[in-house]
Amino acid sequence: MEMTGAQVLVRSLLQMGVDTVFGYPGGAIMPVYDALFNEDGLRHILVRHEQGAAIAAEGYAKALNKVGVCIATSGPGATNLVTGIADAMLDSIPIVCITGQVNSFLIGTDAFQEADIIGMTLPITKWNYQISKATEIQYIISKAFHIAISGRPGPVLIDITKDAQQELLQFDLSQINVFDYSPDLIDEKFYFKAAQLINQAQRPFILAGHGITIAEAEAELEGFINLTGIPVACTLLGLSAVNPEHHLYVGMLGMHGNYAPNILTNEADLIIAVGMRFDDRVTGSLKSYAVNAKVIHIDIDRAELNKNVKADVPICGDAKVVLNQLKQHVIPRNHDSWVKRFKELYQIEHEVVISNETQKKDIGLIKMAEVINLLSKKTDGNAIIVSDVGQNQMTVARYYDFKNPRSHITSGGLGTMGYALPAGIGAKVAKPNTEVIVVCGDGGIQMNIQELAVIAQENLNLKIIILNNEYLGMVRQWQELFFDKRYSFTELLNPNFQKIAEAYSIPSLRVDDHSLLSQGIDQLLQAKTSFLLEVMVEKQGKVFPMVEAGSGVGDVRLQ
């Protein structure tokens with residue numbers, strides 16, 4: 001069958017199981033958009049900014065554990081994808097980004113809307129490639145999907161010249177390139193060494209990261225902690241990997257994590273890190289991190305082993321496989337007295353921080369934690385929550401009880417403000433029958449607020465909560481604590497968010513009193529269409545506990 005390269009591209013995407021793409025047309029990608037015109041099997045979501053396309057593809061991928069796809073034109077269209085690509089790289093999200101490029105004979109001439117997107121994205125992709133011949137398309141697309149999803153997932157970018165899109169070729173629909181991924185076999189001695197440490201430990205502690213979710217190893221992790229009796233805490237991206245009601249779950253790690261897991265990291269005699277990379281937001285100062293502990297580090301990416309924290313037993317492998325194998329070598333135990341220490345320290349945090357942040361008040365401004373705590377109760381922890389970056393993100397992580405895998409979606413490593421709205425769109429497209437709620441601050445929402453148009457055009461029943469403190473809240477918190485309250489350019493003069501929502505035909509409500517908060521959340525959740533709820537929260541609220549930059553996790557502050 002004779003086809004253009006653009007038609008081959010679309011058919012190749014369908015062969016890869018793609019049903020949705022997020023994109024924005026332009027001159028150099030126009031042949032592909034023409035090929036999409038009559039293709040009923042592929043849903044195209046028209047974003048309003050290419051950054052929104054990349055981040056929506058991330059949200060889609062996170063919600064489904066499937067490769068997300070975005071499309072943009074050359075030059076500025078391609079460069080606008082860069083933030084989303086970098087975000088996906090740091091958070092191990094499988095997305096395939098397809099960009100148009102000027103005709104191959106014009107490359108290097110500074111042609112209109114020409115940009116070296118291959119050179120620009122080389123450090124922030126698992127792989128990138130420029131196609132200049134239509135005959136390459138099917139093979140390269142197949143390879144791109146294989147690389148994006150195998151091993152440690154991540155972003156891939158494929159740049160296609162306009163003449164390759166227009167070129168005619170004979171295409172055999174029955175042909176498909178299938179790549180096999182065979183991870184390295186793990187030497188049995190590593191299991192024996194790890195099991196010996198686990199069986200002998202008196203104060204073991206499991207740190208569960210995003211790798212648990214990527215490997216779909218939630219059940220394996222639960223079985224492992226049930227067998228060994230070891231308490232487990234999650235990283236920011238690991239949240240939702242463990243049911244918060246499990247008796248061995250002790251909270252979140254990190255800069256704004258729970259008091260007990262931070263303090264007791266330095267009392268543990270064994271750290272078992274699974275699918276996490278010892279990010280600086282988890283470890284604080286490495287000089288004083290886990291000073292009394294042996295370390296077992298399990299990660300699919302060999303480059304992460306011994307990178308930040310030296311492991312006594314480094315195991316390069318898939319979390320699901322490794323946990324299953326380890327269970328064959330460890331003995332049933334309980335660590336009741338050790339677990340009790342976590343419960344005792346939690347009570348201290350509850351008295352000093354949690355109860356004051358979440359309890360309903362009759363006077364004063366609403367606290368962010370009060371909103372999220374109430375949202376968690378009203379949804380019974382069963383919604384997908386997509387948070388932005390800053391105080392709203394940390395509050396969601398601390399006070400929403402994520403009871404289902406893949407129900408927590410946020411930007412971790414890159415900390416991308418403006419992330420929540422397009423990522424929420426991607427998640428809702430992926431899971432149309434699940435309640436998806438975007439939580440963002442008044443600063444973050446304005447970075448990609450134009451994507452409200454996508455919600456209206458696609459008729460998405462997406463719920464949005466703006467926690468409005470009229471500040472860039474996390475920056476303001478740091479300015480108060482570490483810069484003598486010099487609030488340099490962090491106070492915001494905001495628009496009327498209700499009028500903006502109305503412009504996009506999205507119902508909305510503004511709440512500025514405790515007595516109206518419960519009713520406002522009910523109205524949001526009961527809406528049959530999209531809905532925007534703006535909650536006015538205290539201007540100078542802070543998120544505690546907090547490990548100050550440069551400090552050790554044992555120096556965590558409660559206030």
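No hydrogens, no waters, no symmetry mates; every other heavy atom, side chains included, goes into these values. Everything quoted here is computed from the prediction, not taken from an experiment.
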Enquirer: What heavy-atom pair brings L46 and V454 nearest, and what distance separates the two atoms?
Expert: O-CG2, 3.4 Å
Enquirer: Would M536 and L365 satisfy side-chain contact (heavy atoms from CB on, under 4.5 Å), going step by step from the backbone distance to the final call?
Expert: CA-CA 8 Å; M536 303 304 297; L365 289 171; 5.6 Å; no
Enquirer: Could you verify whether a donor N or O on one side chain and an acceptor N or O on the other, from N392 and S387, lie under 3.5 Å apart?
Expert: no
Enquirer: So L227 and F224, side-chain contact (heavy atoms from CB on, under 4.5 Å) or not? Walk me through it.
Expert: CA-CA 5 Å; L227 177 64; F224 186 78; 5.5 Å; no
Enquirer: Is there a side-chain contact between S488 and Q479 (heavy atoms, below 4.5 Å)?
Expert: yes
Enquirer: I'd like to know if E267 pairs up with R203 as an ion pair, taking the criterion as any Lys NZ or Arg NE/NH1/NH2 lying under 4.0 Å from an Asp or Glu carboxylate oxygen.
Expert: no
Enquirer: For H408, enumerate each residue passing the ring-ring contact (aromatic ring centres under 6.0 Å, His included) test, keeping only those at least two apart in sequence or located in another chain.
Expert: F402
Enquirer: Closest heavy-atom contact between P94 and I149?
Expert: CG-CD1, 3.6 Å
Enquirer: Verify the neighbour count for atom CD of Q540: are there more than 12 heavy atoms of other residues, nucleotides or ligands below 6.0 Å?
Expert: yes
Enquirer: Within a 6.0 Å radius of atom OH on Y24, are there more than 12 heavy atoms belonging to other residues, nucleotides or ligands?
Expert: no
Enquirer: Rounded to the nearest 0.5 Å, what separates atom CD in Q393 from atom CG in L467?
Expert: 12.5 Å
Enquirer: Report yes or no: does H335 contribute a side-chain atom to a donor-acceptor pair with the main-chain N or O of P231 at less than 3.5 Å?
Expert: no
Enquirer: Thinking salt bridges, do D299 and R277 make one under a 4.0 Å N-O criterion?
Expert: no
Enquirer: Look up atom CD1 in I206 and atom CD1 in I272, then write down how far apart they are to the nearest 0.5 Å.
Expert: 4.5 Å
Enquirer: Spell out, as yes or no, whether a donor-acceptor pair under 3.5 Å connects the side chain of Q347 to the backbone of K343.
Expert: no
Enquirer: Could you walk me through whether I384 and I409 pass side-chain contact (heavy atoms from CB on, under 4.5 Å), step by step?
Expert: CA-CA 7 Å; I384 293 176; I409 296 176; 3.9 Å; yes
Enquirer: List the steps, then state whether side chain to side chain donor-acceptor pair (under 3.5 Å) holds for S518 with K378.
Expert: CA-CA 9 Å; S518 180; K378 286 181 178 291; 3.0 Å; yes
Enquirer: With a 3.5 Å distance limit and no angle check, can you tell me whether S376 reaches the backbone of I372 through a side-chain donor-acceptor pair?
Expert: no
Enquirer: Atom CD1 in I212, atom CD1 in I298: separation rounded to 0.5 Å?
Expert: 8.0 Å
Enquirer: Does the side chain of Q391 come under 3.5 Å of the side chain of N469 through a donor N or O and an acceptor N or O?
Expert: yes
Enquirer: Apply side-chain contact (heavy atoms from CB on, under 4.5 Å) to the pair T410 and I385, showing each step before the final yes or no.
Expert: CA-CA 8 Å; T410 195; I385 306 296; over 6 Å; no
Enquirer: For Y346 and H350, take the angle between the two ring planes, folded into 0 to 90°, and tell me which bin it lands in: parallel under 30, tilted 30 to 60, perpendicular over 60.
Expert: tilted
Enquirer: Would you please test T358 and E370 for side chain to side chain donor-acceptor pair (under 3.5 Å) and show each step?
Expert: CA-CA 4 Å; T358 59; E370 185 182 346; over 6 Å; no
Enquirer: Does the side chain of V69 come within less than 4.5 Å of F22's, by heavy atoms?
Expert: no
Enquirer: With a 3.5 Å distance limit and no angle check, can you tell me whether R510 reaches the backbone of S508 through a side-chain donor-acceptor pair?
Expert: no
Enquirer: Answer with yes or no whether the side chains of N468 and E470 bring together a donor and an acceptor at under 3.5 Å.
Expert: no
Enquirer: Is any side-chain N of the basic residue among K66 and D19 closer than 4.0 Å to the acidic one's carboxylate O?
Expert: yes
Enquirer: Does any N or O in the side chain of D380 come within less than 3.5 Å of the main-chain N or O of N382, such that one atom is a donor and the other an acceptor?
Expert: no
Enquirer: Looking at side-chain heavy atoms only, is the closest gap between E435 and L525 below 4.5 Å?
Expert: yes
Enquirer: When you compare the side chain of V436 with that of K463, does any pair of heavy atoms fall below 4.5 Å?
Expert: no
Enquirer: For residues V353 and E357, determine if any side-chain heavy atom of one lies less than 4.5 Å from a side-chain heavy atom of the other.
Expert: yes
Enquirer: Roughly how far, to the nearest 0.5 Å, is the CD1 atom of I271 from the CG atom of N292?
Expert: 10.0 Å
Enquirer: Count the heavy atoms of every other residue, nucleotide or ligand shown that sit under 6.0 Å from NZ of K340, and state whether that count exceeds 12.
Expert: no
Enquirer: H49 side chain to I449 main-chain N or O, any donor-acceptor pair under 3.5 Å?
Expert: no
Enquirer: Under the 3.5 angstrom rule, does the side chain of R333 hit a backbone N or O of A201 as a donor-acceptor pair?
Expert: yes
Enquirer: Between the side chains of E218 and R406, is the shortest nitrogen-to-carboxylate-oxygen separation below 4.0 Å, so that they form an ion pair?
Expert: no
Enquirer: Would you say the side chain of I437 lies within less than 4.5 Å of the side chain of I464, judging by non-hydrogen atoms?
Expert: no
Enquirer: Starting at CD1 of I465, measure out to CZ of F531 and round the result to the nearest 0.5 Å.
Expert: 10.0 Å
Enquirer: Once you round to the nearest 0.5 Å, how far does OH of Y419 lie from CD of Q51?
Expert: 11.5 Å
Enquirer: Would you mind listing every salt bridge (charged side-chain N to carboxylate O under 4.0 Å, His left out) that reaches into residues 451-461, with sequence neighbours excluded?
Expert: R43-E458
Enquirer: Looking at R486 and D484, is there a salt bridge between them, counting it only when a charged N and a carboxylate O are closer than 4.0 Å?
Expert: yes
Enquirer: Are the side chains of W338 and L264 in contact, using a 4.5 Å heavy-atom criterion?
Expert: yes
Enquirer: Any side-chain donor-acceptor pair under 3.5 Å between Q446 and N494?
Expert: yes
Enquirer: Just by distance, with hydrogens left out, do N461 and T529 show a side-chain donor and acceptor under 3.5 Å apart?
Expert: no
Enquirer: Counting only heavy atoms not in F483, do more than 12 fall under 6.0 Å of its CZ?
Expert: no
Enquirer: I'd like to know if the side chain of Y400 reaches the main chain of A383, judged simply by a donor and an acceptor atom lying under 3.5 Å from each other, with no hydrogens or angles considered.
Expert: yes
Enquirer: Looking at D91, is its backbone amide N or carbonyl O close enough to the side chain of H210 to form a donor-acceptor pair, meaning the two atoms are under 3.5 Å apart?
Expert: yes
Enquirer: One thing to verify: whether D279 and R281 come together as a salt bridge, which I'm taking to mean a side-chain N less than 4.0 angstrom from a carboxylate O.
Expert: no
Enquirer: Does the gap between the ring centers of F278 and H297 come in under 6.0 Å?
Expert: yes
Enquirer: For K377, does the NZ atom sit with more than 12 other heavy atoms under 6.0 Å from it, leaving out its own atoms?
Expert: no
Enquirer: Between the main-chain N or O of Y259 and the side-chain N or O of E349, is there a donor-acceptor pair closer than 3.5 Å?
Expert: yes
Enquirer: Looking at R152 and E304, is any side-chain nitrogen of the basic one under 4.0 Å from a carboxylate oxygen of the acidic one?
Expert: yes
Enquirer: Pair up each side-chain donor or acceptor in residues 550-559 with any protein partner under 3.5 Å, not counting sequence neighbours, and list the distances.
Expert:
from, atom 1, to, atom 2, distance (Å)
D555, OD2, G552, N, 3.4
R557, NE, Q559, O, 3.2
R557, NH1, E548, OE2, 2.7
R557, NH2, Q559, O, 3.2

Enquirer: Side-chain contact test, heavy atoms from C-beta onward, threshold under 4.5 Å: evaluate it for N65 versus E216 and give yes or no.
Expert: yes
